[in-house]
Amino acid sequence: MAVHVSSSGGRPVNVEVTRVGWKRTVVFTSDGVAAEEQATSSDAAAKGCGWAPTFTIDIDPAWSSGYYEVVMTIDVDGKTRRDFAFFVVRPTVA
């Protein structure tokens, strides 16, 4: 799965993916992912950002179906900035 990120000032991004259920289970982490600042067009809400992919996450077939939260963090002048995304893994159909 491709993840498209714009990082303020092109700062490296730390990424954590967690399955959210009756308990939170971290399934993926990657620190210092290279990311560029990508422009956002004025019609992005209607047409999408059109950003280039920044990194990929391989969805392990062993991951349970459910809601997965992606937390991306960068450091800006000693302050941590976080942004969030999510995706859903559907059950496999036999």
Side-chain angles (χ1 to χ4, degrees):
M1 173 183 73
V3 180
H4 306 253
V5 174
S6 179
S7 177
S8 178
R11 291 171 174 84
V13 178
N14 297 328
V15 180
E16 181 178 273
V17 178
T18 304
R19 182 178 185 280
V20 179
W22 69 274
K23 69 175 187 170
R24 297 176 65 87
T25 305
V26 175
V27 296
F28 174 88
T29 60
S30 187
D31 291 334
V33 174
E36 298 296 324
E37 188 165 352
Q38 301 192 63
T40 303
S41 64
S42 60
D43 61 353
K47 296 183 179 178
C49 292
W51 294 345
T54 304
F55 61 94
T56 59
I57 298 172
D58 293 326
I59 307 300
D60 188 320
W63 290 4
S64 300
S65 63
Y67 178 92
Y68 287 77
E69 178 181 65
V70 183
V71 180
M72 296 158 283
T73 60
I74 62 171
D75 181 83
V76 179
D77 299 326
K79 294 182 182 178
T80 300
R81 292 178 60 185
R82 286 185 182 82
D83 210 339
F84 303 86
F86 74 93
F87 62 92
V88 174
V89 172
R90 293 183 175 181
T92 55
V93 178

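Side chains included, hydrogens not; waters and symmetry mates left out as well; all remaining heavy atoms used.
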Can you tell me if Asn14 uses its side chain to pair, donor with acceptor, with the backbone of Gly32 under 3.5 Å? yes
How close do [X] and [Y] get, counting heavy atoms only, and between which atoms?
X	Y	value
Thr56	Ala2	CG2-CA, 4.1 Å
Gly48	Ser41	O-OG, 4.2 Å
Ser7	Ile74	OG-CG2, 3.6 Å
Ala35	Val5	CB-CG1, 4.5 Å
Trp51	His4	O-ND1, 2.8 Å
Arg90	Ser65	C-CB, 3.7 Å

State yes or no: do Val76 and Val71 share one hydrophobic cluster built from I, L, V, M, F, W and Y residues joined by side-chain heavy-atom distances below 4.5 Å, directly or via other members? no
Do Val17 and Val20 share a hydrophobic cluster (ILVMFWY, side-chain heavy atoms under 4.5 Å, transitive)? no
Please name all residues satisfying side chain to side chain donor-acceptor pair (under 3.5 Å) with Glu36, sequence neighbours left out, ordered by chain then number. none
Distance (rounded to the nearest 0.5 Å) between [X] [atom1] and [Y] [atom2]:
X	Y	atom1	atom2	result
Trp63	Thr25	CH2	OG1	11.5 Å
Ser6	Met72	OG	CE	11.0 Å
Glu16	Asp31	CD	CG	9.0 Å
Phe28	Asp58	CZ	CG	8.0 Å
Thr40	Gln38	OG1	CD	8.5 Å
Tyr68	Ile57	OH	CD1	11.5 Å

Side-chain heavy-atom pair Ile59, Phe87 within 4.5 angstrom cut-off: yes
Stepwise side chain to side chain contact (heavy atoms under 4.5 Å, CB included) test for Phe55 and Val15: CA-CA 10 Å; Phe55 61 94; Val15 180; 3.6 Å; yes
Got a sec, which residues hit ring-ring contact (aromatic ring centres under 6.0 Å, His included) with Phe86, two or more places apart in sequence or on another chain? Tyr67
Stepwise side chain to side chain contact (heavy atoms under 4.5 Å, CB included) check, Thr80 with Arg82: CA-CA 7 Å; Thr80 300; Arg82 286 185 182 82; 4.0 Å; yes
Charged N to carboxylate O under 4.0 angstrom, Arg24 versus Glu69? yes
